[in-house]
2 protein chains.
Amino acid sequence: MDQNEIFKALAPIVGEEDVTVDPVELLAYSSDASQLKAVPVAVVRPENKEEVAEILKFADKNRIPVTPRGAGTSTAGQSLAYKNGILMDMVKMDKILEISLKDRIAVVQPGVIYGELNKELRKYGYCFPPDPGSAIACTVGGMVGNNASGVRALKYGATVDHVLGLEVVLPGGKIIRTGGRVWKSSSGYNLTKLLVGSEGTLGVFTEIILKITPIPKYAALIVPVFEKFDQSLEAATEITNAGILPSAMEILDDLCIMVMNSFLEEKLPQAEALLFIEVDGNNQKAIRDEANIVRNICEKLGAKQVIQSIDPKRTEELWNLRHTLANLLAKIRGEKMAISSIMDFAVPISQVPQAVREIKALAAKEQRLMAALGHIGDGNVHFGSAINVEDPKEREAATKFSRQAAESIIKKYGGTLTAEHGLGQAKSHLVMLEHGETIELMRGIKRVFDPHNIMNPMVMGLTEIPEDEYIYMPGAK
Amino acid sequence: MDQNEIFKALAPIVGEEDVTVDPVELLAYSSDASQLKAVPVAVVRPENKEEVAEILKFADKNRIPVTPRGAGTSTAGQSLAYKNGILMDMVKMDKILEISLKDRIAVVQPGVIYGELNKELRKYGYCFPPDPGSAIACTVGGMVGNNASGVRALKYGATVDHVLGLEVVLPGGKIIRTGGRVWKSSSGYNLTKLLVGSEGTLGVFTEIILKITPIPKYAALIVPVFEKFDQSLEAATEITNAGILPSAMEILDDLCIMVMNSFLEEKLPQAEALLFIEVDGNNQKAIRDEANIVRNICEKLGAKQVIQSIDPKRTEELWNLRHTLANLLAKIRGEKMAISSIMDFAVPISQVPQAVREIKALAAKEQRLMAALGHIGDGNVHFGSAINVEDPKEREAATKFSRQAAESIIKKYGGTLTAEHGLGQAKSHLVMLEHGETIELMRGIKRVFDPHNIMNPMVMGLTEIPEDEYIYMPGAK
């Protein structure tokens with residue numbers, strides 16, 4: 001079916017202004033926060049579930065791939081179209097439908113921006129806590145699709161821990177509901193939790209019911225600076241062993257500190273690592289006590305400086321710095337460079353020190369400029385390599401490096417390819433490493449929901465194709 | 001295939017002493033904590049995953065139904081065999097394989113008793129928190145199969161929130177692993193969370209990896225007694241609105257209080273309701289403060305007496321009373337009676353007062369002796385009706401009552417049939433009420449894992465049969 005016919009079929013469903021086949025506009029939709037590129041055959045912006053159903057009915061009948069897309073902040077290419085596929089931009093379904101304090105839930109459309117939802121919830125003293133790095137831009141639908149999380153997942157859980165119910169349009173156009181407004185259920189297979197993290201491969205979310213969480217009254221931030229990287233790992237372990245569950249425990253390595261210093265007035269001492277440790281709760285005295293225990297542990301283990309803040313404004317400033325770090329890092333080799341092959345491994349908690357050391361050594365060996373940062377409390381560490389994405393040699397080397405790192409993480413440390421970013425198109429070729437034969441069960445489940453394999457078919461290794469067909473080379477294809 | 005042939009096939013796999021077709025022994029396996037009865041064709045007790053695989057290979061080839069069984073404490077008949085089916089007793093796979101404080105996980109076999117695991121974990125200051133009513137008897141495998149939970153789910157979550165990975169034998173005998181020792185993953189469909197709560201319909205768990213949780217240092221229990229049932233519901237709402245997340249918030253109605261009083265030395269005033277509210281944490285002062293806030297709310301709302309305990313021994317005594325309540329209630333009409341049609345509804349939190357009032361009124365109308373108790377904090381209330389299970393008329397009336405209550409709960413209040421007990425055989429006939437068309441997706445998923453439908457085929461409404469074929473009449477068939 002050619003582009004013109006697709007336009008003619010979609011225009012009566014959503015109106016001409018909400019379907020586009022204009023090459024310039026399509027190009028604007030050809031990338032996300034990964035380094036991949038894929039130009040869709042058409043972009044369509046439905047406004048309600050009925051329009052979504054009509055679009056999927058048409059696409060299913062004509063076997064046209066469809067990729068639902070939120071804000072396009074995914075780092076692994078899961079919000080890109082594939083081969084003559086339709087990109088379904090959920091931007092017009094961006095309403096907060098209900099905030100119910102009595103049921104402690106929020107009901108939203110998928111296109112609502114995470115930061116906007118939390119701004120609204122804050123008025124009532126509540127939040128939806130997963131807090132991904134892309135908080136100010138990403139959509140809740142995208143978060144549900146990827147089981148996103150971030151710095152506060154350690155204490156408050158990932159997206160999957162907060163989704164109570166979904167309205168979903170299946171490929172044939174059927175509209176179903178899973179779960180609901182109840183907080184607890186053991187009734188039937190947990191389709192809701194299966195759909196969370198399914199990366200648009202099973203259907204399109206049109207309504208999302210979320211648990212909401214009271215915002216704790218008090219928080220303290222402790223930022224210890226460590227001469228040696230290993231000291232910081234030791235501190236993280238000791239804090240947990242002391243029975244403290246921080247609301248966040250982040251690690252940043254020397255490269256991150258260097259970058260932060262170029263933006264901080266009051267410079268941090270250049271060192272191998274620092275931690276961002278936040279404790280929170282409703283009792284100010286208890287929080288102060290906990291913060292002091294954390295501080296003492298860090299000092300005992302040789303922290304050369306400890307910044308401590310209980311002032312919300314100062315705390316926010318420090319956090320903002322942490323949140324913009326990924327963007328700052330992208331510039332360390334100059335404006336044209338980009339952090340590519342961002343890796344999002346998690347390993348069992350005890351394996352963090354060894355695994356991080358191994359990957360840093362691997363990078364050092366090939367003189368790769370690489371930053372390590374992440375959520376050390378739950379074993380999730382990101383590695384970002386600054387490469388020139390225009391240079392095929394650098395791309396190839398980065399891809400090789402990622403695979404080597406992935407093999408170590410999985411085979412040697414029992415880790416996972418992705419703790420919070422999703423597999424997307426970028427990691428599809430690595431799926432067998434982690435999932436082996438269980439991929440067949442996943443493919444079977446996909447067939448149940450999507451018999452003609454039209455929903456985002458190229459992610460998560462769900463479509464069996466020769467390895468060189470996968471799009472995983474940054475910038476390739 | 002006759003019983004003798006089955007014996008001959010299974011004996012070489014597990015040894016003659018671990019397979020039985022003896023009618024007396026089979027009878028002992030014909031019931032669980034529901035009122036249903038089903039005599040298996042054979043009982044087999046495998047010792048390791050290889051034996052499980054051999055048994056499932058044989059059963060799959062010969063199309064013999066298999067039901068895995070833990071301690072048989074399920075209240076909805078999910079641990080019973082079905083029509084000439086094999087019951088697989090997991091009693092011999094009862095090892096705690098590993099407790100890793102460094103990874104904050106426990107690795108166990110399915111047959112380990114929940115209470116035993118927690119006794120072992122307590123030595124290290126940790127626990128696996130879901131705390132079902134059958135804590136001292138139920139197995140961890142059964143809990144995972146049913147997504148069990150209990151009084152502490154409000155703060156600490158249900159079983160599904162604690163399972164990180166599974167080893168599972170599929171019907172054909174293939175052994176797979178899902179998840180692992182990592183705390184966070186967004187890699188592929190979440191098969192682990194799909195398997196939790198699958199009631200033995202997808203495969204047999206042979207290894208379970210659990211998150212473990214530090215035991216909080218301090219806890220306070222507040223037990224307010226309310227003249228009016230509605231006051232207690234109001235108190236529960238106000239406590240939550242005050243930003244307090246209790247580790248437990250239980251409600252017991254007048255019938256429960258009457259029964260408790262017959263066992264307490266220091267009698268409670270007879271009243272319409274009491275709450276068990278527990279707050280816990282690592283800061284003693286903060287816990288005392290929280291307990292006082294809770295107490296003040298209860299007194300402000302007219303509690304006529306408030307029992308408060310921060311003494312661990314006294315607290316445990318009070319909790320023990322709560323935990324034995326279900327058994328005590330069974331005796332209120334005399335030794336031969338039993339609580340039957342235990343209902344395990346959950347509704348959205350705001351709907352609890354109305355839903356509870358409606359079901360109590362429904363019971364009063366037909367002069368049904370019925371107790372209401374449960375986990376009011378997360379909207380999960382149990383209703384237990386004391387009936388003579390030997391009397392077909394009483395059974396029929398109880399079944400009718402359950403269906404009527406279920407219809408209200410689901411259609412009027414947006415609730416779920418079961419918050420923590422599972423659907424089992426007992427609630428299979430009600431599944432369409434709650435799940436409608438999505439049952440087809442569940443059936444499709446079952447076919448992916450179990451193409452010949454041998455795994456516990458009669459639970460969860462997964463096998464499409466005429467309604468009168470379902471076993472839901474207490475004591476029938």
Side-chain angles (χ1 to χ4, degrees), chain A residues 100 102-104 125 146-147 149 153 158 160-161 174 176 178 180-191 193-194 196-198 214 217 243 282-283 285-286 289 346-350 378-380 414-423 431 434-435 437-438 441-442 444-445 448-449 460, chain B residues 100 102-104 125 146-147 149 153 158 160-161 174 176 178 180-191 193-194 196-198 214 217 243 282-283 285-286 289 346-350 378-380 414-423 431 434-435 437-438 441-442 444-445 448-449 460:
Chain A
S100 165
K102 285 188 166 179
D103 286 338
R104 297 206 300 280
N146 292 295
N147 187 23
S149 62
V160 69
D161 301 308
K174 188 181 279 186
I176 62 158
T178 69
R181 298 167 74 102
V182 289
W183 268 53
K184 217 171 83 178
S185 178
S186 285
S187 182
Y189 296 147
N190 202 326
L191 299 181
K193 288 190 195 289
L194 174 69
V196 176
S198 61
K217 292 198 189 90
N282 288 328
N283 188 296
K285 174 70 170 55
D289 288 351
V347 292
I349 300 163
S350 69
D378 49 29
N380 175 201
T416 181
L417 283 168
T418 171
E420 55 181 24
H421 291 175
L423 291 165
V431 161
E434 181 173 354
H435 295 295
E437 283 185 313
T438 61
L441 293 172
M442 297 186 196
I445 291 169
V448 171
F449 283 76
M460 285 170 58
Chain B
S100 166
K102 286 190 165 178
D103 286 338
R104 296 207 299 282
N146 292 294
N147 186 23
S149 63
V160 68
D161 301 309
K174 187 181 279 186
I176 62 159
T178 69
R181 298 168 73 103
V182 288
W183 268 54
K184 217 171 83 178
S185 177
S186 287
S187 182
Y189 296 147
N190 201 325
L191 299 181
K193 288 189 195 289
L194 175 68
V196 177
S198 62
K217 292 199 188 89
N282 287 328
N283 188 295
K285 174 70 172 54
D289 290 351
V347 292
I349 300 164
S350 69
D378 49 29
N380 175 201
T416 182
L417 283 168
T418 171
E420 56 181 23
H421 292 175
L423 291 166
V431 161
E434 181 173 354
H435 295 295
E437 284 186 313
T438 62
L441 293 173
M442 296 186 197
I445 290 169
V448 171
F449 284 75
M460 286 170 57

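Each chain gets a letter, A, B and so on, in the order the sequences are listed, and its residues count up from 1. These numbers were taken from a predicted model, which means no experiment stands behind them.
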Of A:Ile445, A:Asn190, A:Leu441, the one forming a side-chain contact (heavy atoms from CB on, under 4.5 Å) with B:Leu194 is A:Ile445
Given that the side chain runs from C-beta out, which part of [X] has a heavy atom under 4.5 Å from chain B: side chain, backbone, both or neither?
X        : value
A:Leu191 : side chain
A:Asn147 : both
A:Asp103 : both

Between [options], the one whose heavy-atom pairs under 4.5 Å with chain A are most numerous:
options                                : result
B:Ala286, B:Ala158, B:Gly243, B:Gly125 : B:Ala286
B:Gly188, B:Ser100, B:Gly180, B:Ala153 : B:Gly188
B:Pro348, B:Pro214, B:Ser198           : B:Pro348
B:Leu417, B:Asn380, B:Thr178, B:Asp161 : B:Asn380

Give me the atom names and distance for the closest heavy-atom approach of [X] to [Y].
X        : Y        : value
A:Thr416 : B:Lys184 : CG2-O, 3.6 Å
A:Asp378 : B:Trp183 : O-CB, 3.9 Å
B:Ile349 : A:Lys102 : CB-O, 3.6 Å
B:Val182 : A:Gly414 : CG1-O, 3.8 Å

Heavy-atom pairs under 4.5 Å with chain B: which of A:Thr418, A:Asn282, A:Val347 has the most? A:Thr418
Specify which of A:His421, A:Lys217, A:His435, A:Lys285 makes the most heavy-atom pairs with chain B at under 4.5 Å. A:His435
Counting only non-hydrogen atoms closer than 4.5 Å, does B:Glu434 touch chain A with its backbone (N, CA, C, O), its side chain (CB onward), both, or neither? side chain
Tell me, side chain or backbone of B:Met442 under 4.5 Å from chain A's heavy atoms, or both, or neither? both
Out of curiosity, B:Glu420 CD to A:Ser185 OG, how far, rounded to the nearest 0.5 Å? 11.0 Å
Value rounded to 0.5 Å, distance of CD in B:Glu437 from NZ in A:Lys174: 4.0 Å
